[in-house]
Chemist: 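Let me begin by handing over the structure; questions about it come next.
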Amino acid sequence: MSRQIAKIFYSLLLFSLLLSVVFASTPWFDSLKLKSTISMGSGDDCMSFVRWSCSDLGPDPQESGFNNSEGKDVAACFMDLLEVDERGNNISLSLLLTNAYPGYSVEAEAVVKNTGTIPVRILGYTIEPPDLPLEIYLEPPLSPYIDPGKEAVYTLHLSVLQIANENSVYPFNVTLQFEPWYTPLTLEFTSWKAHAYSGGCSKCGICTKEEGTVQLDSSGVKASIGFREFSEGWGWIGFVISNNAGYLVTLSKSDIVVYGDRELNSLEVFLYGGFISPGSSGVWRNVNICDMKHNMDYYGEPFPTIGDHDSITLGKNEKAIIWIYVGSEPGSLTVIVELSYPG
């Protein structure tokens with residue numbers, strides 16, 4: 001397969017999750033079900049699910065602000081294989097939540113393997129539609145590269161919010177796009193998040209958000225983030241930046257270029273690192289954008305106990321994390337984030 005043909009093929013290879021939440025008319029504990037289909041392309045698939053699991057293995061896990069001190073175990077999470085293609089690739093999974101309720105929160109983990117002969121890189125992902133009464137995002141692996149025969153872990157975080165209505169259906173789609181890849185850059189974006197505030201109430205501890213769509217271009221250092229509504233006029237965009245070189249690399253805030261397709265009323269960049277494991281850094285996993293905004297307004301930065309830097313030096317395989325606060329008038333908004341470091 002030539003590189004040009006491979007690029008065309010892999011740019012059309014989609015890793016898609018189609019999920020729907022169904023609320024019946026019975027009380028909460030008997031009312032909520034979630035059905036999910038996870039599928040990957042068709043025909044010449046070169047990716048396969050090899051392991052999968054849900055985090056609910058005992059007492060019901062809870063979202064931040066809720067608790068399960070009594071140890072109730074009424075909800076359940078199941079994942080099963082739905083479809084295998086003619087090459088033996090597991091291309092479809094189902095995810096089912098039963099007896100769930102507001103505050104119930106699970107993580108569904110899927111391990112995918114590159115069963116082809118060409119290295120691939122995740123090019124981006126989308127979560128649609130926005131403004132659902134669910135806290136949901138997909139956490140990609142720390143490295144977007146999957147070599148032939150290698151595996152990568154994708155984690156879907158899902159929580160049911162208090163404002164979710166009974167007698168309603170909330171379908172959503174998560175799509176990942178891959179492309180062939182050969183030589184990593186010195187510095188590049190390897191993971192990302194985009195959340196715009198879409199309402200909530202401080203009294204009940206709810207902070208709802210619109211998930212932005214993130215599209216990384218083939219350079220690995222430029223991303224386009226799209227918000228459909230941007231209804232409340234502010235949001236956060238985060239990136240993990242990885243040092244793939246075998247030597248020290250210095251990254252500065254001035255290396256981060258940010259602009260929008262219309263005027264940005266507010267723009268601030270915060271730089272953290274270096275980290276080997278961003279998930280345990282305190283500035284990446286399970287963050288709350290409302291708390292981040294409050295901390296920025298009160299302390300001058302979203303994570304005051306960690307402290308941001310004007311520049312940091314990254315060792316081999318170390319990672320930086322940037323959080324970008326953007327403010328603009330409500331309405332459709334596209335933000336471009338570019339790493340100008342000549343990596």
Side-chain angles (χ1 to χ4, degrees), residues 10 13-19 34 36-41 45-57 61 77-84 88-97 105-116 118-127 135-159 172-181 184 188-194 211 214 216 220 238-244 275-287 317-319 321:
Y10 278 101
L13 178 60
L14 299 181
F15 170 28
S16 303
L17 300 83
L18 176 61
L19 302 95
L34 174 87
S36 166
T37 299
I38 306 175
S39 63
M40 296 187 60
D45 291 309
C46 291
M47 304 292 287
S48 179
F49 295 107
V50 291
R51 291 185 301 280
W52 48 86
S53 63
C54 281
S55 62
D56 185 0
L57 301 177
C77 177
F78 306 95
M79 294 186 74
D80 292 297
L81 178 63
L82 281 183
E83 184 180 358
V84 179
N89 291 316
N90 301 324
I91 61 172
S92 183
L93 300 175
S94 67
L95 170 65
L96 177 65
L97 302 185
S105 178
V106 294
E107 294 181 354
E109 184 176 281
V111 181
V112 296
K113 182 177 182 178
N114 182 350
T115 59
I118 299 173
V120 299
R121 183 187 73 166
I122 180 174
L123 190 62
Y125 65 85
T126 61
I127 299 178
E135 181 79 13
I136 175 170
Y137 68 93
L138 185 75
E139 182 175 348
L142 296 179
S143 173
Y145 301 104
I146 312 176
D147 290 324
K150 299 298 183 180
E151 300 175 356
V153 180
Y154 294 88
T155 305
L156 181 70
H157 303 262
L158 175 65
S159 299
F172 63 88
N173 294 284
V174 180
T175 303
L176 299 181
Q177 188 175 32
F178 294 88
E179 70 168 3
W181 196 251
E188 64 176 329
F189 300 135
T190 53
S191 190
W192 43 83
K193 296 180 180 180
E211 299 285 348
V214 179
L216 192 68
F239 284 95
V240 173
I241 300 174
S242 297
N243 176 15
N244 298 310
F275 307 112
I276 294 297
S277 175
S280 59
S281 65
V283 299
W284 191 246
R285 190 172 184 179
N286 298 326
V287 299
N317 296 325
E318 283 194 323
K319 298 168 176 62
I321 294 175

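Nothing here was measured: the structure is a model prediction, and the numbers come from that model.
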Chemist: Taking the side chain as every heavy atom from C-beta outward, state whether E139 and E107 have any pair of such atoms under 4.5 Å apart.
Modeler: no
Chemist: Might you point out which heavy atoms bring S105 and S159 nearest each other, and give the distance in Å?
Modeler: OG-OG, 2.6 Å
Chemist: Are the side chain of N114 and the backbone of I146 linked by a donor-acceptor contact shorter than 3.5 Å?
Modeler: yes
Chemist: Work out which heavy atom in K319 is nearest to a heavy atom in P278; give both atom names and the distance.
Modeler: CD-CG, 3.7 Å
Chemist: Quick one: closest heavy-atom pair of M79 and A108, and the distance?
Modeler: SD-CB, 3.9 Å
Chemist: Tell me every residue that passes side chain to side chain contact (heavy atoms under 4.5 Å, CB included) with D147, counting only those two or more places apart in sequence or in another chain.
Modeler: P119, K150
Chemist: Between S242 (side chain) and N244 (backbone), is there a donor-acceptor pair under 3.5 Å?
Modeler: no
Chemist: Roughly how far apart are I241 CD1 and F275 CZ, rounded to 0.5 Å?
Modeler: 12.0 Å
Chemist: Looking at CZ of R285 and NZ of K193, how far apart are the two atoms once the value is rounded to the nearest 0.5 Å?
Modeler: 8.5 Å
Chemist: Please report the interatomic distance CZ(F189) to CG(L216), rounded to the nearest 0.5 Å.
Modeler: 7.5 Å
Chemist: Taking only residues two or more places apart in sequence, or in another chain, which ones meet E109 in a salt bridge (Lys or Arg N to Asp or Glu O under 4.0 Å)?
Modeler: none
Chemist: Which pair of heavy atoms, one from Y154 and one from V112, lies closest together, and at what distance?
Modeler: CE1-CG2, 3.3 Å
